[in-house]
Each structure stands twice: as structure tokens, then as C-alpha cells.
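I have placed the structure first, in the form of C-alpha cells, so that the comments after it can refer back to it.
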Amino acid sequence: MKVLHITRDFAPRDNGGLSRGVETMVRMAALARPDLEQAVLSFDGYRPRRAGPAELVVAKGPWGPEARLGGVGALADARDFARRFEPEVVHVHHAMLWPFAREALPAAPAVFGLHVLQRAMGRLRGVEAASESERLEAQALEEAAVITVPSVFCRSQLATTRAPVIVWPLAHHDTPEARAEAERDHPSGTPDRLLYVGRFADVKGIVELLAAMPRVTAARPGTTLVLAGGLPDNPKAERRWRRRAEAVPGVEVAGWLDRDALRHRYAESALLVAPSWIETYGLAVQDAMAHGLAVVASATGALVERVTSGETGWLVAPRDSEALADALIEACRDVGELRRRGRAAARSIRAGHLVAHHLEAPRQSYALALESR
């Protein structure tokens with residue numbers, strides 16, 4: 001069986017949850033079906049109205065051929081790459097790429113990987129008019145043979161769909177380093193070192209987190225919040241967020257970190273903060289928990305599928321900086337409790353959120369897609 005993944009920013013290019021999430025799904029599919037042939041077509045940094053490289057770069061990846069394009073000049077070559085692979089199923093991971101996939105491969109059953117709830121985010125931001133992303137998301141949901149979603153929460157947001165919806169979690173790929181880190185005592189020094197990992201955006205709760213910090217530092221002088229993240233594809237907006245964050249005492253902007261650098265941040269941190277307004281999965285939360293960190297998170301979206309208040313972390317109302325500050329102050333007050341919840345967090349990931357626990361999802365997704373022909 002041959003599956004072509006069409007996505008954006010595929011690993012090792014790390015531009016947020018999508019690149020890591022699709023890499024996880026490709027890995028899981030390979031483990032679930034050893035006979036599977038996979039290829040990846042990644043629109044790395046692509047913008048329809050932005051000039052970019054005209055060359056399609058093709059290389060051999062761990063699971064099959066990988067082709068990458070960054071500009072409109074490579075679209076014809078990308079189309080040829082997709083057709084030459086002759087996939088039996090095409091798995092589209094970004095709504096904006098749906099028209100390309102259907103035009104290039106009209107005969108192949110198409111699976112739509114819903115990674116972002118565009119309409120839900122629009123409502124949270126108070127935007128009533130549907131964006132182009134929302135329109136294409138709706139089109140993909142209507143036309144797909146199968147829909148994959150990363151969480152039970154995501155599935156609950158799809159009231160009715162013609163196609164079957166498969167929950168395909170972006171499960172944790174365990175490593176000896178993560179296991180070793182989870183077994184040591186957290187935090188290594190002061191409990192007052194907080195960590196945020198992710199993109200800089202309003203829906204990630206950055207505004208509320210920055211608003212909470214003055215209360216936290218007043219109650220616990222010396223507390224530091226490290227922001228590991230940014231906006232790699234929008235340097236101008238990232239600079240604005242950086243200036244805003246660095247104006248808050250106790251906040252350090254570490255920038256976008258690779259996985260090795262991030263592991264070092266886990267090792268020196270007391271806990272992870274995830275104050276999002278909405279999350280369709282929460283890869284950063286899962287990763288930090290696997291490394292033995294307790295989490296202070298918003299009680300929203302898929303975060304409640306990972307964090308259990310009182311056991312593996314603290315849950316607070318989203319968009320409430322006062323409640324967030326109270327939880328951070330409480331969490332940092334008791335080092336023993338931090339360690340207990342951190343160990344429980346690591347155990348919970350290994351008990352139910354590893355890749356090996358969810359291999360039926362790729363098998364079922366692609367089997368149903370083939371049956372739809």
C-alpha cells in the first residue's frame with residue numbers, strides 16, 4: 001500500500017506542532033503497517049503570493065522519498081512528484097493544500113488530517129467572517145473519504161460529517177533520555193523556574209501568562225519564566241512579542257529551540273505552563289510530562305485529556321490571568337508536591353500515550369480510505 005502525505009514544514013524543519021505531529025503520524029503508520037510505502041510532499045515555508053525557490057528538492061527520508069518546495073515555481077514539479085509516486089491514498093494535513101491535492105490526484109481517496117480548528121479559533125478571537133483557511137477546512141471536511149483528528153476533543157467539535165472520523169493521537173515516541181530525565185528529581189534547583197514551549201500567539205495564552213507574572217514574582221521573588229518558542233515564519237511579529245515579553249520582569253525569551261536544547265530546558269525547569277485558549281492536542285505538554293514535569297494548564301480542549309488536576313498538574317480556567325497566577329504560586333510553593341505530580345505525569349504518558357498504544361488508528365484510517373473507492 002502506498003500513502004502520500006501532503007503537509008507543511010515537515011521534520012526536520014521544526015515550525016510548530018504540525019511539523020512534529022505529521023512526523024509522528026508517519027512514524028506510527030510505518031510501525032502499524034510494515035508493508036506500507038510512504039512519501040512526503042512538504043510545502044516548507046510556502047506562501048502562494050510570496051516568491052520562493054523554484055526548485056523542488058527531493059531526498060530519501062527514513063520512511064520514503066521526501067520532496068520539499070518553498071515557492072510557486074516548483075508547483076508543477078511537485079504535482080509531477082505526487083503523480084509519479086502513484087499513491088493509493090493521499091493524506092492531506094493542511095486545509096490550504098486541499099485544492100492542490102485534489103487537482104493533482106483526483107482518483108486517490110483523500111484523508112484529511114484536521115490539526116487545527118480554524119472556525120473555533122476564529123470565534124475565540126471574535127472574528128465572525130470566515131477566512132480562506134476556514135472555507136477550505138470546511139471543504140476538506142465535506143469531501144474527505146476519512147477524517148483523522150488528534151484528540152477526542154477534536155472529534156467532539158465535528159457535529160456531523162459524511163466521512164468517518166478516526167481519533168489518531170500524536171502519541172509520544174519514548175527515548176532513553178526522556179525516561180532517565182523522568183526518573184530524576186525535579187526540579188534540580190529552585191522550584192521557581194517556569195517554562196513555556198510553543199508558538200507566540202494570543203490563542204496560546206501568552207497575554208494572560210505575561211499578565212500573571214508580576215503577581216507571581218511579587219509572591220515569589222526570583223521566579224523566572226522562560227519562553228521557548230516564537231514565530232519562525234513571521235520574524236516581524238515575533239519581534240513584537242519578544243519586546244512585549246522582555247518588558248515583563250522575570251521573563252526570559254529563549255527563542256525557538258531544537259529538541260536537544262529543549263531537553264536541557266526541561267531538565268532545569270520546575271514545571272511547564274500551558275495557558276492556551278484552545279488546544280487540539282498539546283504536544284509540548286505531552287513531551288514535558290514524559291520528561292517528568294508537572295503542568296499548569298488551561299482546562300480546555302485536549303489539555304484535559306492529558307493533565308489531571310491534583311495528580312499530574314494543575315488546571316485553571318482559560319483566559320484568566322488571576323487564576324493562572326494563583327496556580328503558579330501554589331505549584332512553586334511545595335517542591336515535594338511538584339516532584340510527586342511530575343513523576344505521576346511521566347507515568348501517565350507511558351501508561352496510555354505512547355506510540356505503541358495507538359497503532360490501530362493508522363491501520364483503520366487507511367483501510368477505510370481504500371474501502372471508499
Side-chain angles (χ1 to χ4, degrees), residues 124 153 182 185-229 244-245 248-254 265-266 268-279 281-349:
L124 286 171
F153 165 71
D185 284 342
H186 272 276
S188 55
T190 171
D192 296 331
R193 193 163 182 85
L194 317 177
L195 178 65
Y196 166 89
V197 178
R199 295 176 70 80
F200 293 171
D202 53 357
V203 294
K204 291 294 186 178
I206 297 286
V207 173
E208 290 79 14
L209 179 54
L210 295 178
M213 280 306 295
R215 276 197 59 212
V216 175
T217 54
R220 299 193 64 83
T223 298
T224 301
L225 167 67
V226 176
L227 300 179
R244 185 171 185 173
V248 179
V251 176
E252 171 194 334
V253 182
R265 293 292 180 170
Y266 291 147
E268 67 186 20
S269 299
L271 57 83
L272 185 86
V273 192
S276 302
W277 299 358
I278 187 173
E279 279 290 351
Y281 191 74
L283 274 169
V285 167
Q286 178 174 267
D287 201 28
M289 291 173 69
H291 281 78
L293 285 178
V295 181
V296 172
S298 297
T300 185
L303 294 178
V304 298
E305 297 174 34
R306 259 146 219 85
V307 182
T308 303
S309 197
E311 295 183 19
T312 60
W314 291 257
L315 290 172
V316 300
R319 306 180 75 169
D320 187 337
S321 60
E322 295 291 314
L324 180 59
D326 289 342
L328 293 173
I329 293 167
E330 178 188 338
C332 293
R333 188 176 289 134
D334 188 337
V335 175
E337 184 63 13
L338 263 179
R339 290 173 176 168
R340 184 188 73 79
R341 296 194 196 193
R343 292 192 188 101
R347 288 195 300 271
S348 73
I349 296 302

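The shown structure was predicted, so the numbers you read here are calculated from the model rather than taken from an experiment.
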### Query
So how far is it from Arg220 CZ to Leu194 CG, rounded to the nearest 0.5 Å?
10.0 Å

### Query
With sequence neighbours left out, what residues match Ser298 under side chain to side chain donor-acceptor pair (under 3.5 Å)?
none

### Query
Would you call Glu311-Arg347 a salt bridge at under 4.0 Å N-O?
no

### Summary
Tightest non-hydrogen contact, residues Ala211 and Pro214, listed as O-CD, 3.4 Å

### Query
Which residues satisfy the side chain to side chain contact (heavy atoms under 4.5 Å, CB included) test with Glu305, sequence neighbours excluded?
Ser151, Val152, Phe153, Ala302

### Query
Looking only at heavy atoms, which two atoms of Ala288 and Leu272 are closest? And how far apart?
CB-CD2, 3.8 Å

### Query
Taking only residues two or more places apart in sequence, or in another chain, which ones meet Asp320 in a side chain to side chain contact (heavy atoms under 4.5 Å, CB included)?
Ala317, Glu322, Ala323

### Task
Quick one: which residue pairs count as a salt bridge (Lys or Arg N to Asp or Glu O under 4.0 Å) with a foot in residues 281-301, not counting sequence neighbours?
Arg20-Asp287

### Working for side chain to side chain contact (heavy atoms under 4.5 Å, CB included), residues Val197 and Arg265
CA-CA 10 Å; Val197 178; Arg265 293 292 180 170; over 6 Å; no

### Query
Closest approach of Val316 and Ala327, non-hydrogen atoms and distance?
CG1-CB, 3.4 Å

#### Entry: Nearest-0.5 Å distance that lies between atom CG in Leu210 and atom CG in Leu324
10.0 Å

#### Entry: Side chain to side chain, Val307 and Met289, heavy atoms closer than 4.5 Å
yes

### Summary
In short, Ala270 meets Leu293 closest at the heavy-atom pair O-CD2, 3.6 Å

### Message
What I'd like to find out is whether the side chain of Thr312 reaches to under 4.5 Å of the side chain of Val295, using heavy atoms alone.
### Response
no

### Query
Between Ser269 and Leu195, what is the shortest heavy-atom contact and its length?
OG-CB, 3.5 Å

### Query
Can you list every pair that meets salt bridge (Lys or Arg N to Asp or Glu O under 4.0 Å) and has a residue in residues 194-207, with sequence neighbours left out?
Arg125-Asp202, Arg199-Asp233, Lys204-Glu279

### Thr300/Trp277 under side chain to side chain contact (heavy atoms under 4.5 Å, CB included): CA gap, chis, key distance, verdict
CA-CA 7 Å; Thr300 185; Trp277 299 358; 6.0 Å; no

### Message
If the condition is salt bridge (Lys or Arg N to Asp or Glu O under 4.0 Å), which residues does Arg341 pass it with, not counting sequence neighbours?
### Response
Glu337

## Note on the structure
Between Gly282 and Arg306 the two heavy atoms that sit nearest each other are O-CD, 4.3 Å

## Note on the structure
Rounded to the nearest 0.5 Å, the CG atom of Leu328 sits from the OG1 atom of Thr223 at a distance of 9.0 Å

### Task
Please round to the nearest 0.5 Å and tell me the distance separating atom CE of Met213 and atom OG of Ser321.
12.5 Å

#### Entry: From CG (Leu303) to CG (Leu315), nearest 0.5 Å
8.0 Å

### Query
Just wondering, more than 12 heavy atoms not from Arg215 lying within 6.0 Å of its CZ?
yes

### Point-to-point distance, once rounded to the nearest 0.5 Å, from CD of Glu268 to OG1 of Thr224
10.0 Å

